[in-house]
Number of protein chains: 2
Amino acid sequence: MEQHTAMVIFQPSGRRGRVPVGITLVEASRLLGVDIEAPCGEHQVCGKCRVRIESGVFEKFGVHSIAENAGPRGDAEGTLLTVEEKRQGYRLGCIAKVQGDLLIYVPESSRAGKQVVSKAARDIDIKLDPGVKQYTVRLDPPTLEEGMADFERVCKSLEAEYGLSSLTIDIYALRSLAGSLRSGDWEITVSVWMDKEIIRVRPGRECSSYGLAIDIGTTTIAGYLCDLATGQVVNTLSMMNPQVKYGEDVVSRISYHMGNPGGLARMSREIIEAVNGLIDMAAGKESGGDEALENESVINGEDIVDVAICSNTAMNHILLQLDPEPLGSIPFTPAIHHSLNLKCRDLGIDVHPGANVFFLPSIAGYVGGDTVGVMLAEIPHLQKQVQLIIDIGTNGELVMGNSEKLICSSCATGPALEGAQIEFGMRAAPGAIERVKVDPVTHEVDYKVIGRNAWKSYSAPEEMKTRGICGSGILDVVAELVLAGIVAKSGAFSPKGRESDRFRKNDQSGFAEFVLAWAEETSIGADIVINQKDIRQIQMAKASIYTGCKLMMRHMGITSLDSIKIAGAFGTHVDRHLARVIGLIPDCPLDAVSSVGNAAGDGCRAALLNREKRVEADKLWRRVTYIELTMEENFQDELVAATQFPHMKDEFPYLEEDGADN
Amino acid sequence: MEQHTAMVIFQPSGRRGRVPVGITLVEASRLLGVDIEAPCGEHQVCGKCRVRIESGVFEKFGVHSIAENAGPRGDAEGTLLTVEEKRQGYRLGCIAKVQGDLLIYVPESSRAGKQVVSKAARDIDIKLDPGVKQYTVRLDPPTLEEGMADFERVCKSLEAEYGLSSLTIDIYALRSLAGSLRSGDWEITVSVWMDKEIIRVRPGRECSSYGLAIDIGTTTIAGYLCDLATGQVVNTLSMMNPQVKYGEDVVSRISYHMGNPGGLARMSREIIEAVNGLIDMAAGKESGGDEALENESVINGEDIVDVAICSNTAMNHILLQLDPEPLGSIPFTPAIHHSLNLKCRDLGIDVHPGANVFFLPSIAGYVGGDTVGVMLAEIPHLQKQVQLIIDIGTNGELVMGNSEKLICSSCATGPALEGAQIEFGMRAAPGAIERVKVDPVTHEVDYKVIGRNAWKSYSAPEEMKTRGICGSGILDVVAELVLAGIVAKSGAFSPKGRESDRFRKNDQSGFAEFVLAWAEETSIGADIVINQKDIRQIQMAKASIYTGCKLMMRHMGITSLDSIKIAGAFGTHVDRHLARVIGLIPDCPLDAVSSVGNAAGDGCRAALLNREKRVEADKLWRRVTYIELTMEENFQDELVAATQFPHMKDEFPYLEEDGADN
């Protein structure tokens with residue numbers, strides 16, 4: 001039997017499994033809970049189910065994926081795919097068949113189902129003073145007597161009317177100056193960057209100017225398209241980081257660079273392509289934007305005149321093609337702390353060619369511009385209260401302190417809390433389990449999926465169409481299993497839990513597992529379970545964060561915190577109570593704990609929209625002291641101890657002290 | 001007979017003529033006095049005689065040149081030309097045959113004969129303070145405790161050791177920072193632009209840094225490769241401007257842009273390709289450099305870290321892809337006066353990717369950065385003496401004044417004084433007539449060619465191997481013909497001249513002509529003549545300059561000048577006496593007249609090597625008042641009067657008052 005299946009992995013969702021040889025890729029995607037768009041019903045006419053076969057040996061997944069493993073091309077592919085697409089390895093999912101192991105990339109445009117806002121922009125208070133502003137001037141036509149060139153006459157007016165002096169002009173803006181003046185009947189609108197450089201010139205009175213704040217995470221990328229005239233977020237966008245195929249964490253990407261000549265440039269190109277995909281979405285060219293643009297506001301890439309980017313230090317290095325190797329070993333030295341102002345065109349970012357991009361500064365090798373973004377949004381450095389801010393992504397970054405002292409550190413959480421690398425993990429899309437309740441007596445499971453308001457207990461099984469578990473659901477599941485006594489303090493299934501009807505041992509994987517949704521409730525035709533390995537990953541993640549918090553408090557010489565803020569895509573959904581009781585965060589009054597959403601993205605947006613925030617960013621990296629947790633005394637012991645559940649006995653009436661041997 | 005010949009034009013020399021159909025392009029080049037390199041003796045094995053067939057209708061030349069007119073490809077071309085070369089229309093000159101009209105571009109690498117320095121750098125006094133300087137620093141290796149990133153640690157050392165503060169870094173330099181520090185054992189040399197930006201990083205103690213000053217003329221391009229550590233010119237280079245195929249003057253290039261979509265980008269690309277060819281020559285990759293680099297100094301494009309460019313305003317616009325259309329009509333408004341600092345990579349200039357290029361500012365639509373360069377070299381604004389500086393190229397630019405008042409203007413001279421558009425005109429290369437004497441009694445002609453010290457009268461005819469007349473020779477020829485009474489005051493051949501054995505009327509062209517060299521003295525197998533049309537062009541050129549000078553003096557309210565400087569490629573060779581007597585320049589004591597060579601190139605080099613000169617350049621365009629000569633009273637009358645020869649009767653004993661009707 002074994003020889004009639006092949007391993008198929010879909011990127012960027014990471015969904016994988018063995019499927020029968022001979023089925024189409026669309027059929028395989030259904031088996032594995034990945035939705036590929038196929039509006040024509042797989043009749044080989046719409047060409048919407050384009051996917052790309054990734055070629056190479058992917059040691060991480062144990063697959064050797066080659067074009068031949070997807071079978072020969074069909075006639076319809078000759079007409080529905082461009083020459084360039086064919087060259088890049090694109091196939092139609094309704095034609096290509098599984099003939100061997102495959103790593104398949106599903107581009108955003110081929111993914112069915114609108115993504116749910118997991119990184120929505122919060123309504124934070126930003127004083128509008130954007131890096132790029134528009135100015136309209138009207139000139140008198142030139143004369144032979146006056147003899148002044150176009151640029152100098154524009155500068156003279158800008159100085160007289162707006163007090164702007166010593167301006168320079170980008171070559172692309174200069175190229176359109178003469179034409180804009182003459183076609184605009186001597187009235188033009190210029191976009192000026194930081195009161196220094198004219199970066200865009202348009203004829204007449206022109207208001208269309210947007211900025212894009214981008215938060216590049218190890219696993220996900222979020223973008224906020226802002227109207228620079230009002231500061232309003234007009235579109236929120238997100239997608240998976242295409243680099244996940246090189247490994248789930250930054251260390252594996254650094255390794256990929258070190259082991260593959262050209263690997264850095266390749267990863268950089270992929271992330272830039274993803275950013276450009278985000279821009280296409282923002283401009284309404286591709287679906288995926290989270291908010292519908294008003295009808296008149298379908299914009300063009302050239303309407304975007306400013307970009308701000310925050311990311312962790314390794315992602316920042318890879319995007320900029322800075323050698324990340326020194327980040328991989330002690331003393332984890334970054335190439336640069338400072339913020340950077342670059343031309344978008346130098347990186348291949350497809351916005352207005354005169355536009356600059358602002359990169360938030362990095363604090364340390366493992367505390368990057370995303371953490372600076374979090375601080376710009378939450379301003380712990382301006383408060384007397386001692387705050388702890390936990391930014392949970394694939395890495396966890398911790399900031400602790402107040403206006404007097406600030407420290408930060410980083411801990412390896414892995415992508416489990418984002419729903420990745422979990423057996424049935426998936427992104428926050430329709431069908432993903434996001435909330436769970438487990439009855440401690442009957443072990444019955446109730447849950448809610450994204451895209452459906454009614455909980456399972458109020459629905460017919462076939463109405464649920466459950467597809468997997470998203471990041472926000474995974475913590476609920478584990479906490480509920482612990483609270484119900486199904487999972488013991490050690491993280492193993494308890495003897496009581498093992499008696500449950502939903503408990504079983506999977507012969508293929510060898511792991512003990514607990515069924516959350518029976519096949520009849522799902523759209524993938526298989527039981528959705530959480531297994532022992534998934535629980536171990538959540539344990540490691542929460543232990544890592546808890547230990548970091550504890551060691552930082554010791555470093556600060558404090559025993560209690562005034563407030564705890566949980567940030568990250570994860571943070572938008574976190575149940576404060578459950579987070580505390582499973583020991584994700586230190587003991588603290590519940591009302592001192594709050595979720596602040598994607599604070600890194602908010603801070604990035606603040607830098608886009610307020611130039612003082614850019615100055616503040618460069619002061620922040622100097623002000624925060626980085627603590628290398630692994631060098632702290634007792635780190636390893638503390639970490640091991642923290643893997644256990646829970647820390648507050650009195651809240652766990654059903655707690656099982658000991659797990660059974662799985 | 002007529003149908004068995006075809007018109008063949010070789011670029012960039014401009015040599016043209018009808019040749020028999022069926023001969024190879026190498027054979028045609030010999031007939032027309034163009035040397036194509038063919039070391040294998042046309043045995044179709046060396047591939048050195050690569051030429052490019054330009055496709056299109058070239059109205060200026062009255063030819064419709066297409067690939068088919070060069071006959072079918074031969075087998076040897078399949079192996080000796082690359083796919084890319086074939087795509088671009090390259091052929092081997094020993095295989096391709098003339099089958100119809102052809103416009104043929106001969107690349108620098110296929111041209112035989114080393115170019116003579118026509119734009120040599122003068123030894124002007126420049127205080128060495130280049131825009132880019134090198135600094136070597138040695139750092140302690142980073143530690144976990146210190147925690148500082150590479151860039152900040154380098155900046156700290158640069159500030160401590162050299163007082164450099166607030167530095168930024170180019171992305172390309174940043175990309176090599178981590179690697180250079182580690183491979184250089186924590187010692188690096190950085191190139192810093194204007195004390196502001198780190199543009200290059202190299203491991204260890206590295207001294208190799210060069211700058212390139214480029215003077216882009218309408219007809220010729222000159223480059224000076226300078227060692228930034230010493231200020232020495234290490235190589236001088238020149239080539240034709242490939243844009244000559246679109247017309248000899250800037251107006252025809254502006255017309256080409258207006259009549260051809262994409263024409264501006266095409267012309268820009270060609271000039272950038274030419275600049276890159278110059279860089280290859282400078283780096284010793286292609287022959288054409290005028291001075292041999294010492295053996296150890298074969299450099300790489302990446303060794304060039306700074307570039308300064310001066311050009312007339314139209315060339316500047318075309319290179320930068322700024323719409324030149326407004327320059328074509330009143331009030332001739334340029335896009336910008338100001339100097340520009342751009343990244344070389346934004347223009348496609350192949351030097352170090354972090355390098356900047358400084359463009360000298362423009363004064364007016366027809367007085368550009370080249371004139372600013374002339375002023376930087378000759379500093380009339382710092383002197384009490386009233387100077388007149390005439391920069392003779394395809395356009396003539398005039399600067400007049402002193403530290404109190406400075407005016408400038410432009411006059412259309414055409415390329416005749418550069419040896420272009422003259423029947424037997426050629427560039428300053430071996431075989432070109434550069435000096436002439438005509439006996440007023442016998443009308444015998446003596447002359448000297450470039451590359452041979454002995455004059456004709458001391459040589460056997462076959463030793464001369466004369467090929468044409470270069471720019472410096474053309475003025476000599478006309479002046480001598482006038483002095484000998486062969487050409488009359490009106491510019492027509494005098495009755496006496498028409499009796500000369502060397503006088504004849506050419507039936508094909510219809511022009512009267514005077515033989516300078518008989519076929520036996522030439523390497524082209526034909527008599528070399530100067531004809532009535534050539535003389536008319538020289539008359540127009542000299543009248544144009546003379547009128548400009550006169551009207552400017554009137555404008556300044558002066559009747560005499562303290563000194564006259566003649567600049568330009570032409571200027572390096574000018575005979576002061578002859579220039580004055582034929583009325584090129586106003587009456588003035590001979591010792592007040594001097595040649596200052598390529599002063600524009602010298603000023604450009606000064607800006608490259610001294611940053612104060614860059615500041616001075618931006619003050620200069622504000623300080624000089626542009627006079628539009630064509631708007632001056634009596635311009636047309638003065639111009640017509642000035643076409644006559646000569647202005648000083650007593651120096652012309654043989655002068656013929658009236659010309660015969662030609």
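Just so it is clear, the values below take in all heavy atoms, side chains as well, and ignore hydrogens, waters and symmetry mates. Given the structure is predicted, the values throughout are model-derived calculations rather than measurements. Numbers restart at 1 for each chain; the letters A, B, ... are given by sequence-line order, proteins then strands.
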Quick check on the structure: residues of residues 171-195 of chain A within a heavy-atom distance below 4.5 Å of chain B, by number.
A/Ile171, A/Leu174, A/Arg175, A/Leu177, A/Ala178, A/Arg182
Among residues 345-353 of chain A, those lying within the under-4.5 Å heavy-atom range of chain B are A/Arg345, A/Asp346, A/Leu347
Donor-acceptor pairs under 3.5 angstrom involving side-chain atoms of residues 318-333 of chain A: please list them, not counting sequence neighbours.
residue  : atom : partner  : partner atom : Å
A/Asp323 : OD1  : A/His257 : NE2          : 2.9
A/Asp323 : OD1  : A/Glu325 : N            : 2.8

Residues that A/Thr625 engages under side chain to side chain donor-acceptor pair (under 3.5 Å), provided they are two or more places apart
none
Measure the CZ-NE2 distance between A/Phe151 and B/His338 for me, rounded to the nearest 0.5 Å.
6.5 Å
Donor-acceptor pair, distance only, cut-off 3.5 Å: does the side chain of B/Glu152 make one with the backbone of A/Ile336?
no
Passes side-chain contact (heavy atoms from CB on, under 4.5 Å), B/Lys343 versus A/Lys343? Steps please.
CA-CA 11 Å; B/Lys343 284 286 168 191; A/Lys343 284 286 168 191; over 6 Å; no
Contacting region of A/Leu340 [heavy-atom separation from chain B under 4.5 Å]
side chain
Applying a strict 4.5 Å limit to non-hydrogen atoms, the region of B/Met631 in contact with chain A is side chain
